[in-house]
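Report on the structure given below.
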Amino acid sequence: MKKIIIPLFIFSSLHTFGQNNPSKVPSDSISNTTIDENEIADEILDEIVVKFKRQIQLKQNGSKYEINLEGTNFKQFPDTWEGMKSLPLLQTRDREPLKINGKTAIIEIDGIRTELSGEQLENYLRSLNPENLKKIELISNPGAMYDSSVGAVVNIVLKKKMSSTNSL
């Protein structure tokens with residue numbers, strides 16, 4: 001709330017100052033006309049729109065971390081791979097498997113395990129539009145439903161469920 005109030009206060013102060021002090025064009029210019037800044041502002045500026053996108057935040061539920069991406073700045077990234085580089089707890093390196101807290105993670109799309117890893121996974125995530133993601137779940141200690149060799153899980157939940165013809 002303070003971030004919004006401070007810029008508005010500064011803007012209103014500048015606006016008030018501009019109303020009381022019309023500026024003059026320098027004497028070495030072609031004209032010596034007085035310009036009222038309010039007239040210029042009325043012609044150029046119709047409205048100011050302030051948009052706020054919340055930062056990406058983790059929500060912990062046991063050993064599972066949920067990252068709800070809707071309404072966040074995640075969509076500013078050109079692709080999902082670049083966006084995932086900004087997620088807390090997740091380590092990403094080009095052409096390497098994803099890791100959570102140093103443990104190699106398997107990848108699920110809508111809860112369905114994929115066999116993608118390394119460069120294949122990176123290529124898939126680069127082709128995936130960040131706007132299509134609803135949330136990402138990071139599981140640092142998967143339970144008994146996973147094989148004992150699974151150290152961590154990254155579940156990418158899409159807004160629209162994938163059809164069987166698009167499965168990996």
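The chain is numbered in sequence order, starting from 1. All values below were derived from every heavy atom in this structure, side-chain atoms included, with hydrogens, water molecules and symmetry-related copies excluded.
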Gap between atom CE of Met84 and atom CD1 of Ile136 - 0.5 Å precision:
4.5 Å
Atom CG in Leu158, atom CG in Asp110: separation rounded to 0.5 Å?
4.5 Å
Do Leu69 and Lys75 have side chains that approach each other closer than 4.5 Å (heavy atoms only, starting at C-beta)?
no
Please check if the side chain of Gln120 supplies one atom and the backbone of Glu122 the other of a donor-acceptor pair under 3.5 Å.
no
Taking all atoms of both residues into account, what is the closest heavy-atom pair of Pro130 and Pro78, and its distance?
CD-O, 4.2 Å
Would a hydrophobic clustering, with Ile, Leu, Val, Met, Phe, Trp and Tyr connected at side-chain separations under 4.5 Å, put Leu90 with Ile139?
no
State which residue, out of Leu116, Ile107, Thr80, fulfils the side chain to side chain contact (heavy atoms under 4.5 Å, CB included) condition with Tyr124.
Leu116
Would you find a donor on one side and an acceptor on the other, under 3.5 Å apart, between the side chain of Gln91 and the backbone of Leu89?
yes
Hey, what else clusters with Ile112 if you join Ile, Leu, Val, Met, Phe, Trp, Tyr whenever side-chain heavy atoms sit under 4.5 Å?
none
Any link between Val154 and Phe77 through a network of hydrophobic side chains (Ile, Leu, Val, Met, Phe, Trp, Tyr) touching at under 4.5 Å?
yes
Would you indicate whether the side-chain heavy atoms of Ile67 and Phe74 approach each other to under 4.5 Å?
no
Show me, pair by pair, the donor-acceptor contacts under 3.5 angstrom made by side chains of residues 92-102, not counting sequence neighbours?
| from | atom 1 | to | atom 2 | distance (Å) |
| --- | --- | --- | --- | --- |
| Asp94 | OD1 | Trp81 | NE1 | 3.1 |
| Asp94 | OD1 | Lys85 | NZ | 3.4 |

Looking only at heavy atoms, which two atoms of Lys159 and Leu133 are closest? And how far apart?
CE-O, 3.6 Å
Please round to the nearest 0.5 Å and tell me the distance separating atom CD of Gln76 and atom CD of Glu82.
11.5 Å
Carboxylate-amine/guanidinium proximity below 4.0 Å for Glu70 and Lys135:
no
Spacing of Arg113 atom CZ and Ile106 atom CD1 [to the nearest 0.5 Å]:
4.0 Å
Under the side chain to side chain contact (heavy atoms under 4.5 Å, CB included) rule, collect the residues that match up with Asp147, sequence neighbours excluded.
Ser149, Val150
Apply side chain to side chain contact (heavy atoms under 4.5 Å, CB included) to the pair Lys64 and Val153, showing each step before the final yes or no.
CA-CA 9 Å; Lys64 180 179 179 179; Val153 178; over 6 Å; no
